[in-house]
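Just so it is clear: chains get the letters A, B, ... in the order the sequence lines come, proteins before strands, and each one is counted from 1. Computed from a prediction, not measured in an experiment: that's the story for all the values here. The figures here come from the full heavy-atom set of this structure, side chains too, leaving out hydrogens, waters and symmetry mates.
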2 protein chains.
Amino acid sequence: MDMHKDYRIGDLARATDTAVETVRYYERIGLLPEPPRTEGNYRLYGEAHLHRLRFIRRARALGFHLDVIRDLLGMVDRPDQPCASIDQLARAQMAEVDAKIADLTRLRAELAHVANQCHGGTVRECRIVEALSGGEG
Amino acid sequence: MDMHKDYRIGDLARATDTAVETVRYYERIGLLPEPPRTEGNYRLYGEAHLHRLRFIRRARALGFHLDVIRDLLGMVDRPDQPCASIDQLARAQMAEVDAKIADLTRLRAELAHVANQCHGGTVRECRIVEALSGGEG
DNA sequence: CCTTGACCCTGTAGCGGCTACAGGGTCCAT
DNA sequence: ATGGACCCTGTAGCCGCTACAGGGTCAAGG
Ligand SMILES: [Zn+2]
Ligand SMILES: [Zn+2]
Ligand SMILES: [Zn+2]
Ligand SMILES: [Zn+2]
């Protein structure tokens, strides 16, 4: 079962739906550890790298920022610690997403309000332009 | 009534809730026209600049990208044309915001699903970590 | 007249999270 | 030996600002 499969960077990228440049980027910023190299200087990854990259990508897909992911990975590397702080980061992420949704919802309402005022005609008469130009001053 | 008020960049910035550097940035990218200068090389703005900057900032607050705002301004400068394309840009902006809201809503659901699996304990047993690590491979 | 301090100037570099080259090297099949 | 798929490093670009550094200008107060 210990098949010790090796991956080149392209394999890893395909397996995690990541661009090759992004994998190298994660290494550059210290998120993914530097793998050993072949004689020809190719990066050579193992299962551990695959798991770590998968973790990063899933977390990114859920909107976690890279610095938070760095913290998460640090916690994952201490598996005997209590997981409360992971829980907390997840909750903070939910709060961030909620705030963004609220922002965009307000935006959407204002946008609809503005867009619905246009009754056709020339630019000069357009209520959208009027709304964007603002009344005061 | 033609009071011909002049503004220095800081006045303009305050009047539109914009950072001074942002005003210069808009000028650099050709969104705000270069104003005349004083003898001491200070930018000197008039009402027209104020209106234009206000327009830009309102549009930005509604989420329009700068290149779209550039198009909008080009249309505003041809006030005898029909306003249909302005209408269309506003509708496209609404669609973009809708798409973002939909994305975030899906995200939020997935995040809640993941976060709610945690029942405490150590990192090793944490379901959040498990969910982020992924089952396959 | 001189200093202080608020304001202004230019130019450059940084943020996040990639993405896109340029200009090479490696490896394997035909 | 040659082609083509892949890999390497390094640098610059994207968006929309933001943050300096290192200077100049200008009006008020002592
Ligand atoms: Zn309104
Ligand atoms: Zn209209
Ligand atoms: Zn799920
Ligand atoms: Zn947990």
Q) Does some side-chain heavy atom of Arg52(A) sit less than 4.5 Å from a side-chain heavy atom of Pro33(A)? A) yes
Q | Between dC17(D) (P) and Leu53(B) (CG): distance, integer Å | A | 11 Å
Q.
Can a side-chain donor-acceptor contact be found between Arg57(B) and Thr18(B) if the only test is distance below 3.5 angstrom?
A. yes
Q. Which is true for Arg37(A) with a 4.0 Å heavy-atom rule: it touches a base, it touches only sugar-phosphate, or it touches nothing?
A. sugar-phosphate
Q | Derivation of the side chain to side chain donor-acceptor pair (under 3.5 Å) call for Gln93(B) and His65(B) | A | CA-CA 9 Å; Gln93(B) 178 61 22; His65(B) 292 303; 5.8 Å; no
Q | For atom CD of Glu27(A) and atom P of dC8(D), their distance in whole Å | A | 9 Å
Q. In whole angstroms, how far is the C1' atom of dC8(C) from the CD atom of Glu21(B)?
A. 11 Å
**Q.** Arg24(A) side-chain N/O to dC8(D) phosphate OP1/OP2 under 4.0 Å
**A.** yes
Q. OH of Tyr45(B) versus C1' of dC9(C): gap in Å, rounded?
A. 12 Å
Q | Ion pair check, Asp87(B) and Arg127(A), cut-off under 4.0 Å | A | no
Q.
Counting neighbours of CG on Asp17(B) that are heavy atoms of other residues, nucleotides or ligands and sit closer than 6.0 Å, is the number greater than 12?
A. no
Q | Worked check of side chain to side chain contact (heavy atoms under 4.5 Å, CB included) between Ile56(B) and Phe64(B) | A | CA-CA 9 Å; Ile56(B) 294 171; Phe64(B) 287 93; over 6 Å; no
(Q) Side-chain N or O of Arg43(B) versus OP1/OP2 of dC8(C): is the shortest distance under 4.0 Å? (A) no
Q.
What is the distance, to the nearest angstrom, from the CD atom on Glu34(A) to the C1' atom on dT9(D)?
A. 13 Å
Q. Roughly how many Å is it from CD in Glu39(A) to P in dC6(D), rounded to a whole number?
A. 22 Å
Q. Want to settle it: does Ala19(A) or Tyr42(A) sit nearer the 5' end of DNA chain C, counting the closest nucleotide to each?
A. Ala19(A)
Q: Find the distance Arg14(A):CZ to dC6(D):C1' and express it as a whole number of Å.
A: 9 Å
Q.
Between Asp11(A) and Arg14(A) (salt bridge meaning N to carboxylate O under 4.0 Å), is one present in this structure?
A. yes
Q: Round to the nearest Å and state the distance from Leu31(B) atom CG to dG16(D) atom P.
A: 10 Å
Q. What string of B, S and - do you get for nucleotides 13-18 of chain C 5' to 3' if you count protein non-hydrogen atoms under 4.0 Å?
A. ----BB
Q) To the side chain of Ile9(B), which of dC9(C), dC7(D), dA20(C) is closest? A) dC9(C)
